[in-house]
Structure formats: C-alpha cells, structure tokens
Amino acid sequence: MSDIGGRRTVGRIVETEAYVGPDDPACHAFGHRRTSRTEALYDPPATAYVYFTYGMHWCLNVVTERADYPAAVLIRALEPWEGLELMRRRRGGVRDRELCAGPARLCQALGITGSQNRTSLIEGKVRIVRGSGRPRVTVTPRIGISEAVDWPLRFLIEGSTWVSR
DNA sequence: ACGCAGATTTTCT
DNA sequence: GAAAATCTGCGTT
C-alpha cells in the first residue's frame, strides 16, 4: 500500500522475483558490488530498494536479508484493491488489467519513485503488510534478465489474472 | 495475438 | 559507448 500525495492506494502482491545476493549473477550487487545505486541492498531487511532503469522506469524491491548481505525481492505485480481512480489517473487510462501488471507499472500506479529508496516498508509511506490467506504459489524462471536465466526465482499466486506478461 | 523498435538516463566499462 | 530486473505504440498475421 502507498500513501503518497495525501491519498491511499492498496493492492495485493501477486508476483515477485528474488535476487538472492552476491552469488546471484542477476543481482545488482553480484560480487558484492557496492555503488551509490546498490547501497540500499546493504540496508536492514524491510528496507525499500527503488532503482531507476531504461531511462524512465522505477522498480520497487524489498531488502530481505541482514544488513550487509545484499539480497532483495522485486515486486512485479499487484491486484489493485483500493484507490483505483488514483491509479487510473497516474497510469494514463490504461485497461485495469494493466494498472499494476509489471514492476514499473505498479510503481507508477502507486506513485513510487526514488524518493522512497531506502525508506522503511514497515512504517513508511509505502508499506507491505501480512495478508490473511495462504495462496498456492507457482514458480518460474525470472523475466527480463540475461544472467542466471534459468534460476526458478519468480513466484506467482496460482491462477491470478493480475500478473505481468 | 504477436513482434519489433523507440524512449531516455543512469551506471559501469 | 553500451547495456539495462521495462513499457508503449505501431506494424503485421
């Protein structure tokens, strides 16, 4: 959920990818690479890692491991729950199915930018809270990367129609 | 439905 | 100078 610009949007996470640390060739901190961009990955768990790519897109990750161990989970898709009007406005009137189906799309829908980088996902303007169900999860390889292409680290809620691609 | 190219800028070589 | 954890619009089938 986000509370940005004085208004709230809520969604259920339906798709994620894991980037599992310095030994993962697809992780931005592969080989313990430490730059101004990757610095957030070395923060404590539940910190936001928001990075900018392709000249125009923001993507949101959750730092998952202890401080100084750079691993994170990329949030790839949400099922929109609240604040649909605001999401539609931010996304420029695309079909609802495409509001949050993709890592950069959901950031646009929720108003997430670099100003959320290194903020707490427990008490910040962007938060992640525990849900109530125990959904079945499907596992596939990650998308859009060129290293470790076959590692099964993409997780989808089984049967969700809100996932990307 | 599918495939391709353009957008646009940070980061690292 | 090239590539990048992407998205969109426009072309063809």
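By convention in this document, chain letters (A, B, ...) are assigned in the order of the sequence lines, proteins followed by strands, and residues within each chain are numbered from 1. Computed over heavy atoms, backbone and side chain alike; hydrogens, waters and symmetry mates excluded. Since the model is a prediction, treat every value here as computed from it, not as a measurement.
Rounded to whole Å, the distance from NE2 on A/H57 to P on C/dA5 is 13 Å. One can place CD1 of A/I145 at 17 Å from P of C/dA3, the figure rounded to the nearest angstrom. Atom C1' of nucleotide C/dA3 and atom OH of A/Y54 are separated by 8 Å, given to the nearest angstrom. Distance, A/M56 CE to C/dA4 C1': 12 Å, rounded to whole Å. Rounded to whole Å, the distance from CG on A/L106 to P on C/dC7 is 8 Å. The separation between A/R165 atom CZ and C/dT6 atom P is 10 Å, rounded to whole Å. A/E15 places its CD atom 12 Å from the C1' atom of C/dA5, with the value rounded to the nearest Å. The distance from atom CZ of A/F155 to atom P of C/dA5 is 18 Å, rounded to the nearest whole Å.
Base contact: A/A26 has a heavy atom under 4.0 Å from a base atom. Using a 4.0 Å heavy-atom cutoff across all strands shown, A/F52 reaches sugar-phosphate atoms only and no base atom. Contacts of A/R33 with the nucleic acid, taken as non-hydrogen atoms under 4.0 Å apart, involve only primed sugar atoms and P, OP1 or OP2.
Taking 4.5 Å as the limit, every side-chain heavy atom of A/L156 sits out of range of all side-chain heavy atoms of A/V14. The shortest side-chain heavy-atom distance between A/L74 and A/Y19 falls under the 4.5 Å cut-off. Taking the side chain as every heavy atom from C-beta outward, A/P45 and A/T64 never approach each other to under 4.5 Å. In this structure the side chain of A/N61 never reaches within 4.5 angstrom of the side chain of A/V50, judged on heavy atoms.
Between A/R76 and A/S164, the side chains place a donor N or O and an acceptor N or O closer than 3.5 Å (distance only, hydrogens not considered).
Mapping A/R37 and A/Q108 onto DNA chain C via the closest heavy atom, the residue that lands nearer the 5' end is A/R37.
Side-chain N/O atoms of A/S146 include one lying less than 4.0 angstrom from OP1 or OP2 on C/dA4. Contact check, A/R105 against C/dT8: a side-chain N or O comes under 4.0 Å of OP1 or OP2.
Comparing C/dA2 with B/dG6, their P atoms are spaced 15 Å from each other, to the whole Å.
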Inset, instruction - Give DNA chain C the dot-bracket treatment, 5' to 3': Watson-Crick (N1-N3 with N6-O4 or O6-N4) or G-U (N1-O2, O6-N3) under 3.5 Å, [ ] crossing, | other strand. - result: ||||.|||||||.
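When each of A/L86, A/V126, A/L110 is paired with A/I4, the side-chain contact (heavy atoms from CB on, under 4.5 Å) condition holds for A/V126 and for no other. A/R12 pairs in a side-chain contact (heavy atoms from CB on, under 4.5 Å) with only one of the listed residues (A/P80, A/S160, A/P135), which is A/P135.
Under a 4.0 Å N-O distance rule, the pair A/D43/A/R66 does not qualify as a salt bridge. Taking a cutoff of 4.0 Å between a charged side-chain nitrogen and a carboxylate oxygen, A/D24 and A/R142 qualify as a salt bridge.
Residues of residues 67-96 of chain A having a heavy atom closer than 4.0 Å to DNA chain C, listed by number: A/L74, A/R76, A/R91.
A cation-pi arrangement is absent between A/R118 and A/Y49 under the rule of less than 6.0 angstrom and at most 45 degrees off the ring axis.
Bounding nucleotides for the chain A contact on DNA chain B, 5' to 3', at a heavy-atom distance below 4.0 Å, are B/dA7 to B/dC12.
More than 12 heavy atoms of other shown residues, nucleotides or ligands fall within 6.0 angstrom of atom CD in A/E158.
A ring-centre distance under 6.0 Å is found for A/H28 and A/Y51.
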